[in-house]
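Data first, discussion second: the structure below is written as structure tokens.
Order of appearance sets the numbers: ligands from 1, and atoms from 1 within every ligand.
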Amino acid sequence: MTPVESIQTSPPPPSFYGLSREQLATHLGTHGLPTFRAQQLFSWVYHKHERRPGAMTDLPLAFRDRMGELCDLRLPPPRAVLASPDQSTHKFVLELDGGAKVECVSMRTARRLTFCLSSQVGCALGCAFCATGLMGLERNLRTGEIVGQVVAMGDFHRWEDDRFNIVFMGMGEPLANYASLMEAIRILRDERGLNMGARRITVSTSGLVPQIRKLAGEGLQLGLAISLHATTDELRDRLVPVNRRWPLTELMAAAREYGERVGRRVTLEYTLLAGVNDGAEDADRLAEMARALPSKINLIPYNPVPGLSWKRPERGAVEAFADRLLPRAPAVTVRRTLGGEIWAACGQLGGLSV
Ligand code: SAH
Ligand code: SF4
């Protein structure tokens with residue numbers, strides 16, 4: 001009889017990008033390493049943007065040699081990077097462990113660089129005009145996969161801008177992946193890491209009321225954007241099905257609580273669909289709703305999604321809608337459509353296979 005050999009396999013090392021500095025210190029401690037190494041590693045990766053252990057010259061050679069077994073410094077590889085013709089917008093298709101693909105977008109205007117991050121692969125909420133919604137939910141992203149998007153896009157832009165904004169407006173409903181989202185935000189905010197101020201991070205939600213309340217209690221000045229898109233429950237039930245669970249009165253009460261508690265205006269996102277929600281009465285009701293809380297309205301002319309038959313209103317109709325809102329609503333902006341040529345505009349992620 002041959003004895004059965006037991007092969008000792010150690011679990012794969014955790015992703016560096018999924019660990020807070022404290023968690024990394026504890027992790028290194030369990031391997032008998034001094035905890036201050038965590039701070040040094042954070043500095044190499046998040047300040048000096050250096051991920052090759054061989055180049056981390058102030059770390060002992062033995063530590064550098066062991067890095068591969070301690071933590072995984074690899075980023076999800078980009079399967080495609082698409083640039084808009086004017087180079088202002090780039091869409092990244094990153095391949096995750098297990099083969100799932102996730103998309104994220106960088107947008108540069110004269111004033112700032114913004115990274116639009118995904119929180120899930122696909123989305124379960126099925127909004128009627130959204131390409132990601134058509135995919136259904138594949139899975140939640142892990143913390144490291146959220147932070148990894150920032151590092152991958154920062155690298156691509158060679159960290160030229162030390163200040164950038166983050167919006168969770170990519171694939172998925174961020175508040176449906178609450179724990180990983182908050183862990184990622186904690187890592188992004190670390191002053192010994194990327195040192196992102198909470199004010200420079202905005203979370204967009206289709207309206208998960210309990211999580212909005214929870215977010216209001218985090219003691220962070222995160223921006224909150226609510227995907228409103230309709231001013232009556234009848235229409236919103238159709239456009240944003242999660243409205244059937246938390247209708248407008250409850251949603252607006254939670255949004256108001258957030259704005260007042262956090263001391264920031266809540267953005268009300270309103271995707272304009274021709275002949276559906278772009279009438280004068282819609283504008284009047286929207287202005288009224290916006291006045292009930294510290295808010296600003298962001299109009300998003302619909303971006304076409306293959307297979308869906310909604311129409312974007314003519315430019316004149318968008319202007320007329322904004323003009324009707326303006327005297328009564330606290331603040332109104334019209335979102336410039338960046339990235340439409342590369343299917344990277346709002347609601348188009350997941351709509352193109354590469
Ligand atoms: N899941 C989050 C973040 C998503 S995307 C949320 O729903 O809030 C950012 C915004 O784009 C949301 O307001 C979303 O409703 C909107 N959107 C989705 N599809 C769109 C489309 N085809 N055209 C314009 N806006 C769209
Ligand atoms: Fe999901 Fe947001 Fe798309 Fe709705 S709009 S399906 S919540 S990603």
Side-chain angles (χ1 to χ4, degrees), residues 91 102-105 107 114-141 146 149 165-178 181 201-209 211-212 215 222-230 235-246 251 254-255 258 266-274 276-278 286 295-313 318 321 333-340 343-352:
K91 169 161 130 170
V102 74
E103 300 175 15
C104 50
V105 178
M107 294 161 288
T114 302
F115 293 153
C116 178
L117 305 188
S118 291
S119 52
Q120 300 181 308
V121 184
C123 181
L125 297 183
C127 298
F129 42 77
C130 172
T132 312
L134 291 176
M135 299 170 60
L137 177 66
E138 209 169 304
R139 70 168 172 86
N140 277 334
L141 291 186
I146 298 176
Q149 296 170 57
N165 291 340
I166 285 179
V167 294
F168 282 93
M169 296 186 184
M171 300 167 88
E173 164 56 54
L175 297 187
N177 187 13
Y178 195 91
L181 172 80
I201 303 175
T202 296
V203 175
S204 174
T205 178
S206 56
L208 307 192
V209 165
Q211 286 91 327
I212 293 173
L215 196 66
L222 294 169
L224 178 69
I226 305 274
S227 295
L228 198 59
H229 311 315
L235 180 59
R236 197 163 188 272
D237 279 354
R238 283 204 287 135
L239 297 180
V240 185
V242 77
N243 192 68
R244 296 176 202 151
R245 179 73 183 79
W246 293 288
L251 174 59
Y258 187 92
V266 173
T267 302
L268 302 177
E269 298 169 284
Y270 195 91
T271 294
L272 284 164
L273 305 164
V276 175
N277 65 357
D278 62 344
L286 179 56
S295 72
K296 52 189 175 198
I297 297 171
N298 190 211
L299 300 176
I300 316 172
Y302 169 68
N303 295 308
V305 173
L308 299 182
S309 54
W310 309 99
K311 296 269 174 300
R312 174 191 292 206
V318 173
F321 194 87
T333 50
V334 180
R335 192 173 298 179
R336 279 180 55 203
T337 300
L338 295 172
W343 297 98
C346 300
Q348 293 184 322
L349 299 188
L352 177 78

Quiz item: V305 heavy atoms, cut-off 4.0 Å: which ligand 1 atoms fall inside?
Solution: 22 (N)
Practice problem: For atom 11 (O) of ligand 1, grab the closest protein heavy atom and report residue, atom and distance to one decimal in Å. | Solution: C346 CB, 3.5 Å
Exercise. Any atoms of ligand 1 less than 4.0 Å from a non-hydrogen atom of S206? List them with their elements.
Key: 6 (C), 7 (O), 8 (O)
Practice problem: Could you tell me which atoms of ligand 1, counted from 1 in the order shown, lie closer than 4.0 angstrom to a heavy atom of I300? | Solution: 24 (C), 25 (N)
Quiz item: Of all the atoms in ligand 2, which lie at a distance below 4.0 Å from a heavy atom belonging to C127?
Solution: 4 (Fe), 5 (S), 6 (S), 7 (S)
Quiz prompt | For T205, atoms of ligand 1 separated by under 4.0 Å from a heavy atom | solution = 6 (C), 8 (O)
Exercise. Out of C127, A128, P304, S227, indicate the one that has the non-hydrogen atom closest to atom 7 (O) of ligand 1.
Key: S227
Quiz item: Can you tell me how far SG of C104 sits from CD1 of I146, rounded to the nearest 0.5 angstrom?
Solution: 11.5 Å
Quiz item: Is there a donor-acceptor contact under 3.5 Å from the side chain of T267 to the main chain of E269?
Solution: no
Practice problem: Using the six-membered ring wherever Trp is involved, compare the ring planes of F129 and H229 and label them parallel, tilted or perpendicular (cut-offs 30° and 60°). | Solution: perpendicular
Exercise. Would you confirm whether R335, through its side chain, and L299, through its main-chain N or O, come within 3.5 Å as a donor-acceptor pair?
Key: no
Quiz item: Any donor-acceptor pair under 3.5 Å linking the side chain of S118 with the backbone of M171?
Solution: yes
Practice problem: Report, in ascending order of atom number, the atoms of ligand 2 lying under 4.0 Å from any heavy atom of G133. | Solution: 6 (S)
Quiz item: Among all protein non-hydrogen atoms, which one is nearest to atom 2 (Fe) of ligand 2, and what is the separation to 0.1 Å?
Solution: G172 O, 4.4 Å
Quiz item: Using a heavy-atom cut-off of under 4.0 Å, does the side chain or the backbone of C130 touch ligand 2, or both, or neither?
Solution: side chain
Quiz item: Taking both backbone and side-chain atoms of N303, is any N or O found less than 3.5 Å from an N or O belonging to ligand 1?
Solution: yes
Quiz item: Taking distance alone, with no angle check, do T271 and ligand 1 share an N/O pair under 3.5 Å?
Solution: yes
Quiz prompt | Nearest protein heavy atom with distance in Å, relative to atom 5 (S) of ligand 1 | solution = M169 O, 3.3 Å
Self-check item: Main-chain N/O of P304 paired with Q348 side-chain donor or acceptor, under 3.5 Å
Solution: yes
Self-check item: P301 N/O to ligand 1 N/O under 3.5 Å
Solution: no
Quiz item: Would one find an N or O of H229, backbone or side chain, under 3.5 Å from an N or O of ligand 1?
Solution: yes
Self-check item: R236 side chain vs L228 backbone, donor-acceptor pair below 3.5 Å
Solution: yes
Quiz item: Under 3.5 Å, is there a donor-acceptor pair between the side chain of W310 and the main chain of V305?
Solution: no
Exercise. Provide the number and element of each atom of ligand 1 under 4.0 Å from a heavy atom of E269.
Key: 9 (C), 10 (C), 12 (C), 13 (O)
Exercise. State the OG1-CG distance between T271 and D278, to the nearest 0.5 angstrom.
Key: 12.0 Å
Exercise. Look only at the side chain of T114 and the backbone of N165, and say whether a donor-acceptor pair between them is shorter than 3.5 Å.
Key: no
Exercise. Can you pull out the closest protein heavy atom to atom 3 (C) of ligand 1? Residue, atom name and distance to 0.1 Å, please.
Key: S204 OG, 3.7 Å
Self-check item: Residue, atom name and distance, where the atom is the protein heavy atom closest to atom 20 (C) of ligand 1
Solution: G347 CA, 3.3 Å
Quiz item: What is the nearest protein non-hydrogen atom to atom 1 (N) of ligand 1, stated with its residue, atom name and distance?
Solution: G172 O, 2.8 Å
Quiz prompt | Close-contact set for ligand 1 against C130 heavy atoms, below 4.0 Å | solution = 18 (C), 19 (N)
Quiz item: Can you tell me if N140 and Q120 form a side-chain donor-acceptor pair at under 3.5 Å?
Solution: yes
Quiz item: Quick one: does K91's side chain have a donor or acceptor within less than 3.5 Å of a partner on W343's backbone?
Solution: yes
Quiz item: Does some non-hydrogen atom of G126 fall short of 4.0 Å from ligand 2?
Solution: yes
Quiz item: Would you say ligand 1 has an N or O under 3.5 Å from any N or O of F129?
Solution: yes
Quiz item: Which residue and non-hydrogen atom of the protein lie closest to atom 1 (Fe) of ligand 2, and at what distance in Å?
Solution: C123 SG, 2.3 Å
Quiz item: Are T333 and N298 linked by a side-chain donor-acceptor pair shorter than 3.5 Å?
Solution: yes
Practice problem: Using a strict cut-off of 4.0 Å, indicate which atoms of ligand 2 neighbour a heavy atom of S206. | Solution: 7 (S)
Self-check item: S119 and E173: side chain donor to acceptor below 3.5 Å
Solution: no
